[in-house]
Amino acid sequence: MQLLKEQIMQYNHLDIEKKWQKFWAENQTFKASNESDKPKYYVLDMFPYPSGAGLHVGHPLGYIASDIYARYKRHKGFNVLHPQGYDSFGLPAEQYAIQTGQHPAKTTEENVATYRRQLDNIGFSFDWSREVRTSSPEYYKWTQWIFIQLFDSWYNINTDKAEDISTLIKTFKKEGNTSVKAVADEEITVFSADEWNAFSNKEQEETLLKYRLTFLSDTEVNWCPALGTVLANDEIVNGVSERGSHPVIRKKMTQWSMRISAYAQRLLDGLEKIDWPQPLKDSQTNWIGRSQGAMVSFNVDNGSDKVSSEVKLTYKELEALKEVRQNLSKAETTLWDELKNKKGASKFRKKYTIGTFVVDYVCVTKNIIVEFSGKEDEAVRTEFFNNEGFNVIRFTNEEVIENVLQAVAEINSAIQFPKAIEKTDKKEVKDANLYKIDVFTTRPDTIFGVSFMTLAPEHELVSKITTKEQKKSVEAYIKATAKRSERDRMADVKTISGAFTGAYAIHPFSGEKVQIWIGDYVLASYGTGAVMAVPCGDQRDYDFAKHFGIPIPNIFEDIDISDAAHTDKEGTKIANSDFLSGLKYKKALKLAIFEMEKRGFGYGKINYRLRDAVFSRQRYWGEPFPVYYKDGMPQMIADEHLPIVLPEVEKYLPTEDGKPPLGNATEWAWDSRAKKVVSNDKLKNKTVYPLELNTMPGWAGSSWYFNRYMDATNTNAFASKESLEYWKEIDLYIGGSEHATGHLLYARFWQKFLFDKGIVPVDEFAKKLINQGMILGTSAFVFKATAFVKNGCGCSDEKSNDDVIAKIPTVIVSKNLFNSDDEFESVVKNYLLDNKFLDPNFADLVMITKTAIHADVSLVNSSDELDVDGFKNHALNNDYKNAEFILEDEVYKVGREVEKMSKSKYNVVNPDAICEEYGADSLRLFEMFLGPLEQAKPWKTSGISGVSSFLKKLWKLYFNGEAFEVSDAEPTKDELKTLHKTIKKVEEDIENFSFNTSVSTFMIAVNELTTLKCNKRSILEPLAILVSPYAPHIAEELWNLLGHKESISTADFPVFNASYLVESAKNYPISFNGKMRFTLELSLDLSKDEIEKIVMENEKTIAQLEGKAPKKVIIVPGKIINIVI
RNA sequence: GCUGAAGUGGUGGAAUUGGUAGACACGCUGGACUUAAAAUCCAGUGGUCAGUAAUGGCCGUGCGGGUUCAAGUCCCGCCUUCAGUACCA
């Protein structure tokens, strides 16, 4: 094959890349094994949604980075798992189906094929044998299975994990639900074992549903009747749907929800042990939104005498207490060491005040006081404490010191089996109050600043407590706010509105009456939907109080609140607050909570912003639920009958009576005897039941797919135990930061759940995560002139106005012909006058404005010159077919701006075209060369010529000008130095994910080796391996030419040898007062003194000194010399 | 408002623990090769001032201070941009 000679000589990316892509596919080069002696490494990209538009150059950025890392790890001797798949359920396919009637499965299939072709073109080392698609029944079988696992589980607070529902049922049978501590619905009534056993089947199921990790609940949603679907908040603009502008109403709907709130604390804690970007962790932390404070109950005034607890201690006495607390006796310390570790409800406090007494230890929630015996008036104390509702346990000093464990055991038993104690009559008074308003506050320390309360308009108490006189205005207000969506209410912060209910609440400490208002600044969905308003300490409360003339009591020492609320916590002392006066924030907070707990109207609480996640969607193209309804109660379909396959429907729209699209299916009923999906006709039969009509949300399939890759074809389990045990978790996960509070939170939630159930071996699914930055498009603009006739110009006749501009064509002006709008106007006007489009008599009447219009970037070359004819004939530019172009130097120059890459901005660059013209290796190198992986950066195709010519130079190193030729001669010192410098830098860069700098390192290496005319095998062979993760095709070809039969992909990474980099001399920068003046080549063997001597004798130094003596000479060997004058 | 990230030539971006600011590219300018273009190769390229030139001076990492022999890098105070988020009680 003689023709090859020249072809080989020329680096031909097209042939080479096709050849090796075929080789990899045929030899399954990147197929990972679940058994290997090598250490494992799992690199994963967030899988894409296969959209109809295909990939643009922004999409592969993260894939290239992960591919480089995966290939690098193979060179380093790891067994690498690097799979890819498709998140193939989604809205666009459904929208398309609605418009065209095409089955979403079909369009999805086509889009996947396009994606696959595009991905293959770029030469990724994916193991396609493990491909997953969330929309394939083999996959969603296991999504349904996980749903059932969640349904069959509850969250036990005592063990702090999810447990099988059977353990709960067992407890209910034996002892009812009094001892159960679970994350469950709020309104659960207490029942005994007898009561449970007497429940009907349905009652039991209803009760269990309140505990299950996935459950049905009535959720308030944005319902759009015209579209027949629920809309997310951001799909609503100005109260109407974003699509089609249809009205949206708030409506309660029964929906599946996921009890993610059970995992709130663990999701927070888990962030500490994973190596994820800080901003991403922060946004998850904010999203979970833990806030520590207190729940406080305010009684609604019912006309009875006020109840108030008197204050027990002054501030001075409290200060004295502090000292007591810090000076404990030996026995006291011994016992405290044991008690202080108790957490939660059994938490103990030391040296606290109960009434006028100081007790040694107290557990407020369990009402237990522990004291040392031998105090004065022991009997009086006991009686008082019992009256207050406490049990008292006493020990002598000796008892504690000799056997502290015995004492602790006694205390524990008292906690577990509390003795009955006489109730005080105070509590009965409280029970007599008809209504209570519960509020959550992070500032219980400011409770004496409460001057009113505000309820959300939707709060259930509003209708009950509103007085007759206020009824009208309250109802009018509620009506007005109901029209506005929650988002609108949130967006409009400035308007203050509200209404007085006429009712009053009793301040629990002071016993004073405070007004109860409703206001839409209080959100029903956060906390309890009610707030205790402290106008002096909260700006919203302050504004509200000012607006409605409610008093604003000041409870801060020496703080002026005449203009605004004082929201700082630290450094301010509380005043006018009874027993809290004089205390700083932290102390006041603790004491306030303590007193609330003691008096029984409040307790410390941690509140989370994180809401349970709604899991139902009124869509077609999603996972069907494995659920049917019997007697109105949901029933799971047994595992062995999964998957429940999505039924065929005629129409993908909701039904006419507002049911989800699956309501159109005719084969959608469950035959519980035959165990299969049957026609709806059979619903008359007693054993046939309706199936769930909702489908699962987009995040269902993506919340566990990373586990499926470990054993993607398993039909018996979602992955085998062995494979899960082997691969464990993702070692490196790369994807966009837009998933911070969606996918990445839900996936962590499911992983923790699966971990609790013993299904997966680790409770965090990704050790390290990197967010790749977005690649931005460089949009091109043309500047269009629009002509108007000035208003009030004196032309009385409308028609003549039109005549003036009738002949004016669309004019488009090149970018550099104007610097301002005024210049633009005069350029256009002159042009119009010169070409007789405008009558000079009317010139002054015409006004020209400038509009920038996106031009397709494919019509613009690298010098910003527009293909004018191409623009005129562009399919989307019909309006400009006859436009006049004002050129500069014969060409039209466009304006440029960096924007998000998007079809509508005509700035999308297709990777296929780049691969065709420059090659996949160039694309890969260039995407990495653009800048740091995490950073957003603009795409400019012109820059690709740099990496392209680098590849050509690399290629040339292996050729003698005519044919492939490498020499087996010994390399020179310089050649070895270049190689090892490169090995070191590239290795460091890859480990630090600094891919952009290693591309420059390659360029430097190739430039140096070209200068050295190096063609030594011992240099060029390792060089090919170094380059191979970045530019795998050319590396394979060179490797092959070097005589290797095997793929380069598992060749050992070259080993860095520091001895080649040892230098004997250094070109020192000599600076004066920190400013570098000249350099001096000096041996590194020289001592400091020798260096100083040589430098000081140098004539340039003498010139710089100008005869002055240096004040100081700083010499850092190997670094710098600085002379201070 | 809050949280986070970032501000360096005409452009993308380098600069490991404070130690020669602007690596590597793009672009631009000039040159070689060519009938010409493309491709390729060579040289120059932060600003400014002085000089025919070699060269030299000064200024330069968003702004204002500070620490240090030495600051893009550390500290204090601002400004701007981007991203996320929000009546969160």
Side-chain angles (χ1 to χ4, degrees), chain A residues 10 277-283 285-287 289-291 293 439-443 446 454 456 486-487 489-496 519-523 525-534 537-541 543-544 567 607-609 737-738 740-741 771 773-774 776 778 862-864 896 898 925-926 929-932 934-947 949-950 952-953 956 985 988 992 994 996-1004 1007 1067-1079 1110-1116 1118-1125:
Chain A
Q10 284 289 325
Q278 197 55 42
L280 195 149
K281 286 187 184 182
D282 289 340
S283 74
T285 306
N286 289 338
W287 190 262
R290 178 191 150 112
S291 48
V439 298
F440 175 74
T441 175
T442 52
R443 298 292 305 274
T446 63
T454 315
E486 191 152 312
R487 173 160 270 235
R489 279 165 57 179
M490 288 193 261
D492 179 18
V493 184
K494 291 205 180 88
T495 324
I496 295 162
D520 66 2
Y521 79 98
V522 177
L523 302 177
S525 59
Y526 182 75
T528 61
V531 298
M532 59 174 227
V534 183
D538 183 288
Q539 193 56 43
R540 291 154 302 164
D541 296 343
D543 295 339
F544 196 86
T567 51
N607 211 35
Y608 297 95
R609 196 185 83 108
S737 56
E738 66 273 19
T741 52
N771 289 131
M774 212 188 318
L776 303 166
T778 312
S862 58
S863 310
D864 292 350
R896 291 286 202 176
V898 172
L925 281 167
F926 185 55
F929 191 55
L930 279 175
E934 294 94 331
Q935 212 173 83
K937 49 221 168 246
W939 175 274
K940 264 178 95 178
T941 306
S942 59
I944 203 167
S945 62
V947 293
S949 61
F950 155 74
K952 286 177 198 158
K953 279 187 223 164
K956 272 193 194 161
K985 179 87 169 95
E988 282 170 3
N992 294 322
S994 175
N996 55 327
T997 49
S998 42
V999 178
S1000 346
T1001 307
F1002 291 137
M1003 291 175 170
I1004 294 167
N1007 288 346
N1067 197 21
Y1068 277 96
I1070 315 291
S1071 40
F1072 294 81
N1073 292 333
K1075 284 175 190 158
M1076 206 278 287
R1077 284 296 116 106
F1078 59 92
T1079 59
K1111 279 188 195 142
K1112 206 171 179 186
V1113 179
I1114 285 138
I1115 293 163
V1116 185
K1119 282 244 162 100
I1120 199 168
I1121 293 154
N1122 190 18
I1123 297 162
V1124 187
I1125 308 173

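Chain letters run A, B, ... following the sequence lines, proteins first and then strands; every chain starts at 1. Nothing here was measured: the structure is a model prediction, and the numbers come from that model.
Using a 4.0 Å heavy-atom cutoff across all strands shown, A:Arg1077 reaches sugar-phosphate atoms only and no base atom. The residue A:Lys1119 sits close to a base: some heavy atom pair falls under 4.0 Å. Among the heavy atoms of the strands lying under 4.0 Å from A:Gln935 are primed sugar atoms or P, OP1, OP2 only; no base atom is included. Across all strands, A:Asn1007 comes closer than 4.0 Å only to sugar-phosphate atoms, never to a base (heavy-atom distances).
For B:U29, the paired nucleotide is B:A43, the pair qualifying as Watson-Crick or G-U wobble because both relevant distances are below 3.5 Å.
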Atom pairs, N/O to N/O, protein against nucleotides 39-50 of chain B, distance under 3.5 Å?
none

Short heteroatom pairs, N/O only, protein and nucleotides 69-74 of chain B, under 3.5 Å:
from  : atom 1 : to        : atom 2 : distance (Å)
B:C69 : O2'    : A:Asn1122 : ND2    : 3.0
B:C69 : O2     : A:Asn1122 : ND2    : 2.7

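B:C33 and B:U40 have their C1' atoms separated by 9 Å, given to the nearest Å. With C1' as the reference atom, B:A14 and B:G22 are 8 Å apart, rounded to whole Å. Comparing the P positions of B:G10 and B:U17 gives a spacing of 28 Å, expressed to the nearest Å. B:G77 sits 28 Å from B:A15 when the P atoms are compared, rounded to a whole Å.
Ring-plane geometry between A:Phe544 and A:Tyr521 is classed as tilted, the angle between the planes lying from 30 to 60 degrees on a 0 to 90 degree scale.
For A:Arg609, the side-chain atoms get nearest to B:U85 when compared with the rest of B:U85, B:G19, B:A89.
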